[in-house]
Every structure is written in structure tokens, then in C-alpha cells.
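Notes for the one structure printed next.
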2 protein chains.
Amino acid sequence: MTSLMKTTFGEYIRLLRNENELTLTQLAAKLDLDSANLSKIENGKRDFDEKRLPKLARIFKLKLTELRDEYVTDQIGKHIYETNCTKQLLEVAEEKAEYRRTLNKSLQTQ
Amino acid sequence: MTSLMKTTFGEYIRLLRNENELTLTQLAAKLDLDSANLSKIENGKRDFDEKRLPKLARIFKLKLTELRDEYVTDQIGKHIYETNCTKQLLEVAEEKAEYRRTLNKSLQTQ
DNA sequence: TAAGACTTGTCATTATTTGACAAATTTAAA
DNA sequence: TTTAAATTTGTCAAATAATGACAAGTCTTA
């Protein structure tokens, strides 16, 4: 795994956009998105729609898998934040995810 | 923290219901919910609506805070599972949650 | 085999998210 | 400053997702 950003996904997009010297309008057009809405996304007032990840990856020549990791960790991080989930509880959540995986496995074998 | 269940929230409700020898119909009535939908909840085909946690706590004489922990860890566990988030990525997600907390703090002071 | 318990499917209703556009406000160059 | 581009904010209709309700099915078990 390459190092992931300790920022929100919106801030990450802004970073990419600035590095590539694009305006909101220019990037929004490439993403087939309204520039006003892209502004809200960068400012954390809306979520980036997952279906646009492939486009975003192409525009900035990023690996889709890494971009998706960036996205997923942002989403779960947001979930953790919004529910005030402590580290301790997060461990429980991870165990429960593991439990769901075993449930799914046993379903497969039937 | 008392020990939390390594089950889904639906399975946990079913456990509570069976311990207390209630039928789906009986518990559903207490929760002001359709028994068919409660069945789906117990079987993981629908989510339990968070707004009913206080009722659920009263019915089974549980502490709301602990029940909420059970609920939150289930929801985040589900999120982790559904996004195939690895332990490694989960650490990143936790860092991002932490980052959001600092963002929020600095917002407060302004 | 009948009654109660539970499950599944469907659909209208409700809530949430997204897209779109107008109208600010901010920024920065002239 | 003034002005044009860039960005932000507000609003609302449309799309999407979640929930409630009910009918009809299957599964126990007495």
C-alpha cells in the first residue's frame, strides 16, 4: 500500500486539482459535474459519488484501486467520526466485520 | 465497556427476543413495527431503525448507551465488510476520523 | 391438519441524495 | 479601485434509497 492522505476525500480532490492547475469549472466538466457541486464536495458539504471514481482516476492518472482505498477510508472515517466511535468500539466493529465474513463463507459452501 | 456481541444486530435482537420468550408479533407490537419487517431485520435483510433504540432498551431493560454501542459497531462492521476494508485500511480510516475531529476542534475555536 | 410463527415479495410512502441553476461572495489582475 | 474569473452558497426538482404496510407463502408443532 502506498501512503494514503490524512485528509478528507474532498480536500484530496482539491489538492489534485491545484497540483494540476485546473479550475473548479474545468475539473467539473471533466467529471461531468456541476462546478458548484464540486465546490461543495471539496468543502465537505457533499459526498463525491463513487460512480465517478473511474473518471477521477483517469483524469489524474491514478490507479483506481488506490483511489478507491482513499475513498473507502474516507467514508468509513466519516462514519467513525459521525458516530463518535472510539478506538475500543472500532475493534469490536472490526470483529463484527470478520464475523460477517465467516457468515458469508459458510453461506458459500451450502 | 461490557462485552459486546460478535453477532449482527439482527441476531442480537433475536437472541433477546428468544431469551424473553416473545414472538415476532409480540415484540414487533412493542416496537411499533410490522412483524414481517422485524423478521427481515433479524435475518439481516433490513436495518433496524436507530430511532427505535430507546424503545428496544426499555423493552429489554438495557442501558441505551450500551445498546447504541452494539448498534454503532454493527453498522460500522457492516460498512467495513461491504467495502472489503482490510485491517490496514481500517487504520487509515481511523486516522481520518481523528483528522476530522481536529478539523472540528479548530472550527470550534473560531 | 389446523393454528400460530415466521418468511418472502411487493408496492406505496417517506426520507435522503444528487443535479442543476441562480445569485452571491471572494480573489486577483489590470 | 474596478472588473472578470473563480468559488461559494442557497434552493428546489428529480433521482435514489429506506421504510411501512400488507398479502401470500412456508415452516413448526400441537
Side-chain angles (χ1 to χ4, degrees), chain A residues 7-56 59-60 68 71-72 74-79 81-83 100 103-104 106-107 110, chain B residues 7-56 59-60 68 71-72 74-79 81-83 100 103-104 106-107 110:
Chain A
T7 65
T8 64
F9 197 73
E11 288 171 342
Y12 179 52
I13 292 177
R14 172 151 294 176
L15 195 75
L16 290 169
R17 182 169 67 79
N18 288 335
E19 278 177 0
N20 290 73
E21 295 178 274
L22 295 174
T23 66
L24 278 172
T25 308
Q26 289 170 328
L27 177 56
K30 286 175 194 288
L31 285 168
D32 187 29
L33 187 66
D34 187 291
S35 65
N37 290 331
L38 180 54
S39 166
K40 287 170 196 162
I41 289 168
E42 291 187 353
N43 289 299
K45 294 176 179 168
R46 277 200 190 196
D47 278 354
F48 185 81
D49 191 340
E50 185 165 12
K51 73 173 182 237
R52 286 197 179 82
L53 285 180
K55 267 187 184 168
L56 191 62
I59 293 167
F60 295 118
R68 193 181 162 283
Y71 183 79
V72 163
D74 178 68
Q75 288 292 117
I76 295 180
K78 186 181 169 198
H79 198 162
Y81 170 71
E82 287 174 346
T83 57
R100 280 179 190 263
L103 276 189
N104 188 252
S106 56
L107 239 160
Q110 285 177 40
Chain B
T7 65
T8 65
F9 197 74
E11 288 171 340
Y12 179 52
I13 292 177
R14 172 152 292 178
L15 195 76
L16 290 169
R17 182 167 68 80
N18 288 336
E19 278 177 0
N20 290 73
E21 295 178 273
L22 295 173
T23 65
L24 277 172
T25 308
Q26 289 171 329
L27 177 56
K30 286 175 194 286
L31 285 168
D32 186 30
L33 187 67
D34 187 292
S35 67
N37 290 331
L38 180 53
S39 166
K40 286 170 196 161
I41 288 167
E42 291 187 353
N43 290 298
K45 294 176 178 167
R46 275 200 190 197
D47 278 353
F48 184 79
D49 191 341
E50 185 166 12
K51 73 174 183 234
R52 285 197 178 82
L53 286 179
K55 265 186 185 168
L56 192 63
I59 293 166
F60 294 117
R68 194 182 162 283
Y71 183 79
V72 163
D74 178 69
Q75 289 291 118
I76 294 181
K78 186 181 168 197
H79 199 162
Y81 170 71
E82 286 174 347
T83 57
R100 280 179 190 262
L103 275 190
N104 188 250
S106 55
L107 237 159
Q110 286 178 38

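Here the structure is a predicted model, which is why all the values come from computation and not from measurement. Hydrogens, waters and symmetry mates are skipped; everything else that's a heavy atom, side chains included, is used. First the proteins, then the strands, lettered A, B, ... as listed; each starts at 1.
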In whole angstroms, how far is the [atom2] atom of [N] from the [atom1] atom of [X]?
X	N	atom1	atom2	result
A:E42	D:dT9	CD	C1'	15 Å
A:F48	C:dT17	CZ	C1'	15 Å
B:L38	C:dT7	CG	C1'	12 Å
A:E82	C:dT16	CD	C1'	13 Å
A:Q26	D:dT7	CD	C1'	13 Å
A:D34	D:dT7	CG	C1'	12 Å
A:K45	C:dG19	NZ	P	18 Å
A:L31	C:dG19	CG	C1'	14 Å

Does [N] have OP1 or OP2 under 4.0 Å away from a side-chain N or O of [X]?
X	N	value
B:R52	D:dG20	yes
A:R17	D:dT7	yes
B:R14	C:dT7	yes

Of the options [options], whose atoms approach the side-chain atoms of [X] most closely?
X	options	answer
A:L33	D:dT19, D:dA21, C:dG19	C:dG19
A:D49	D:dC22, C:dA20, C:dG19	C:dG19
A:R46	D:dA21, C:dG19, D:dT9	C:dG19
A:N43	C:dC6, C:dT18, D:dT8	D:dT8
B:K51	C:dT7, D:dT19, D:dT9	D:dT19

message = Any base atoms under 4.0 Å from B:S39, or only sugar-phosphate, or nothing? Heavy atoms, all strands.
response = base
ask   = With sugar-phosphate meaning primed atoms plus P, OP1 and OP2, does A:K40 contact a base, only sugar-phosphate, or nothing at under 4.0 Å between heavy atoms?
value =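 Base contact.
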note = Between the OG1 atom in A:T83 and the NE2 atom in B:H79, the distance rounded to the nearest 0.5 Å is 11.0 Å
Would you indicate whether the side-chain heavy atoms of [Y] and [X] approach each other to under 4.5 Å?
X	Y	answer
A:F48	A:L53	yes
A:K30	A:K55	no
B:L38	B:L27	yes

Polar side chain donor-acceptor pair, B:Y12 to B:D74, under 3.5 angstrom = no
message = Suppose we call a contact any N or O donor and acceptor under 3.5 Å apart; does that hold for the side chain of A:N37 and the base of C:dA20?
response = yes
